[in-house]
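Data block below; observations after.
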2 protein chains.
Amino acid sequence: MIMELDYQSEVPVYLQIRNEIVKGIGRGQIDFGEQLPTVRSLAADIGVNTMTVSKAYKLLDQQGYIVTDRRRGAVVCAKNQMPDFASNEGHRKELILLASEAALGGCSREEFLDMCREAYVET
Amino acid sequence: MIMELDYQSEVPVYLQIRNEIVKGIGRGQIDFGEQLPTVRSLAADIGVNTMTVSKAYKLLDQQGYIVTDRRRGAVVCAKNQMPDFASNEGHRKELILLASEAALGGCSREEFLDMCREAYVET
DNA sequence: CCTTTTGTATTATTTATTATAATACAAAAA
DNA sequence: TTTTTGTATTATAATAAATAATACAAAAGG
């Protein structure tokens, strides 16, 4: 599994792993129902501790992106079981902050929306 | 100065202060060129340590939102001096992650753009 | 049966971050 | 001269992040 990590980033590694997997599912590089690599193999691949990957998987499980099972490993949920976006108040607040920064940073509403449109990849 | 802080949040207090000020400027609640409260008064207002507010001001200064001066205090920059948004790669990556989560979470591209449009308040 | 594999729990340790506290400083303004 | 400004300093405490080594329960494969 390809995974771009930035060890200089202020974003913790386990969160970066979580984010990369979410983007992978969103882009279609990881399929719904697909079995993720085991924590041990992924940890070896990217050169981090087993528990760091486990922490990422646990978070993905808690957020409803995957189901982890001691016996079956980690499996991506079905499309219709993914966590709802519109009802997530945290995401709304993130968008408001980003939009504020955009407005201050010289982006008109339409320019901002163009960037948002570009960020959303149709599957 | 009104400031909503969540001490249960995983976002550090100094970052929340920074974010609230950026949103305040973006919403027009804080004017360009306006003098911000002193670190001591804001710290007393919201009940945190002086250095916590100082850290927020220092970050805002480094990012180009305000100018701090030992003698003149903290002053919001002019509109045309605000940090550029479109060229900020970090913001692009944030948008891509959000868009991925939106796509997985049942938001069509248009629904996602509606949320983005709603988040951007015209001044 | 036995071995392997699974995610995770546990314990210990190290490092970095966050926040508080009390003090101090340089320099402009009053 | 005194006050006010942001910030530097030093110390301390609490929390978070990452590593390390080990262990466990339970299913799967042989």
Side-chain angles (χ1 to χ4, degrees), chain A residues 1 3-22 24-25 30 33-77 90, chain B residues 1 3-22 24-25 30 33-77 90:
Chain A
M1 173 169 286
M3 182 126 326
E4 237 184 273
L5 293 184
D6 178 9
Y7 291 98
Q8 312 310 318
S9 168
E10 74 290 347
V11 181
V13 173
Y14 81 93
L15 239 187
Q16 291 187 49
I17 296 172
R18 176 267 180 201
N19 290 344
E20 288 302 308
I21 290 174
V22 168
I25 304 171
I30 302 173
E34 180 178 332
Q35 176 124 14
L36 291 180
T38 68
V39 290
R40 287 171 178 84
S41 75
L42 183 53
D45 267 16
I46 60 187
V48 299
N49 192 273
T50 314
M51 293 311 293
T52 304
V53 177
S54 181
K55 203 171 171 185
Y57 278 18
K58 193 181 174 187
L59 184 57
L60 286 163
D61 184 294
Q62 287 171 343
Q63 296 179 333
Y65 287 103
I66 69 176
V67 170
T68 53
D69 192 333
R70 208 185 279 268
R71 47 213 163 161
R72 291 181 202 167
V75 178
V76 179
C77 288
Chain B
M1 173 168 286
M3 182 128 323
E4 237 184 273
L5 294 185
D6 178 9
Y7 291 98
Q8 313 310 319
S9 167
E10 74 290 347
V11 181
V13 173
Y14 81 94
L15 239 189
Q16 290 187 50
I17 295 172
R18 177 266 179 201
N19 291 343
E20 288 302 308
I21 289 174
V22 168
I25 304 171
I30 302 173
E34 180 178 331
Q35 176 124 14
L36 291 180
T38 68
V39 290
R40 287 172 178 80
S41 75
L42 183 53
D45 267 17
I46 60 186
V48 299
N49 192 273
T50 313
M51 294 311 293
T52 304
V53 176
S54 180
K55 202 171 172 185
Y57 278 18
K58 192 180 174 187
L59 184 58
L60 286 163
D61 184 294
Q62 288 170 343
Q63 296 179 334
Y65 286 103
I66 69 177
V67 170
T68 55
D69 192 334
R70 208 185 280 266
R71 47 213 163 161
R72 290 181 202 167
V75 178
V76 179
C77 287

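Sequence lines set the chain letters: A, B, ... in the order given, protein chains first and strands last, and positions in each chain run from 1. Just so you know, these numbers use all the heavy atoms, side chains as well, and skip hydrogens, waters and symmetry mates.
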(request) Check the pair Met3(B) / Ile21(B) against side-chain contact (heavy atoms from CB on, under 4.5 Å), numbers first and verdict last. (result) CA-CA 8 Å; Met3(B) 182 128 323; Ile21(B) 289 174; 4.3 Å; yes

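- Distance, Gln16(A) CD to dA16(D) P: 19 Å, rounded to whole Å.
- With sequence neighbours excluded, no residue forms a side chain to side chain donor-acceptor pair (under 3.5 Å) with Ser9(B).
- Looking at residues two or more places apart in sequence or on another chain, you find a side chain to side chain donor-acceptor pair (under 3.5 Å) between Thr38(B) and Ser41(B).
- At whole-Å resolution of the value, CG in Leu15(A) and P in dA16(D) are 13 Å apart.
- Look at CZ on Arg72(B): it is 7 Å from P on dA29(C), rounded to the nearest Å.
- In terms of the side-chain contact (heavy atoms from CB on, under 4.5 Å) criterion, residue partners of Arg72(A) (sequence neighbours excluded) are, by chain and number, Asp69(A).
- Residue Thr52(A) places no side-chain N or O under 4.0 Å from the OP1 or OP2 atom of dA17(D).
- Taking only side-chain atoms of Thr38(A), from C-beta outward, the nucleotide of dT6(C), dT20(C), dT8(C) with the closest atom is dT6(C).
- Each of Tyr7(A) and Arg40(A) lies near DNA chain D, and the nucleotide nearest Tyr7(A) is the one positioned closer to the 5' end.
- Going from atom CE of Met51(A) over to atom C1' of dA12(C) covers 13 Å, rounded to whole Å.
- A donor-acceptor pair is defined here as one N or O able to donate and one able to accept, closer than 3.5 Å; no such pair exists between the side chain of Glu20(B) and the backbone of Leu5(B).
- Legend: residues meeting side-chain contact (heavy atoms from CB on, under 4.5 Å) with Gln35(A), ordered by chain and number and at least two apart, are Val75(A).
- The NZ-P distance, from Lys55(A) to dT8(C), rounds to 13 Å in whole Å.
- Here dA27(D) presents its P atom at 16 Å from CD of Gln35(A), a figure rounded to the nearest Å.
- Taking atom NZ of residue Lys58(B) and atom C1' of nucleotide dT17(C), one finds them 14 Å apart after rounding to whole Å.
- Across residues 42-50 of chain A, Val48(A), Asn49(A) each have a non-hydrogen atom less than 4.0 Å from an atom of DNA chain D (numbered order).
- For Ser54(A), the side-chain contact (heavy atoms from CB on, under 4.5 Å) partners are Val39(A), Met51(A), not counting sequence neighbours.
- Contact between the side-chain N/O atoms of Tyr57(A) and the OP1/OP2 oxygens of dT8(C) is not found at any separation under 4.0 Å.
- In the set dT18(C), dA17(D), dT8(C), the nucleotide with an atom closest to the side chain of Pro12(A) is dA17(D).
- One can place CG of Asp69(A) at 9 Å from P of dA27(D), the figure rounded to the nearest angstrom.
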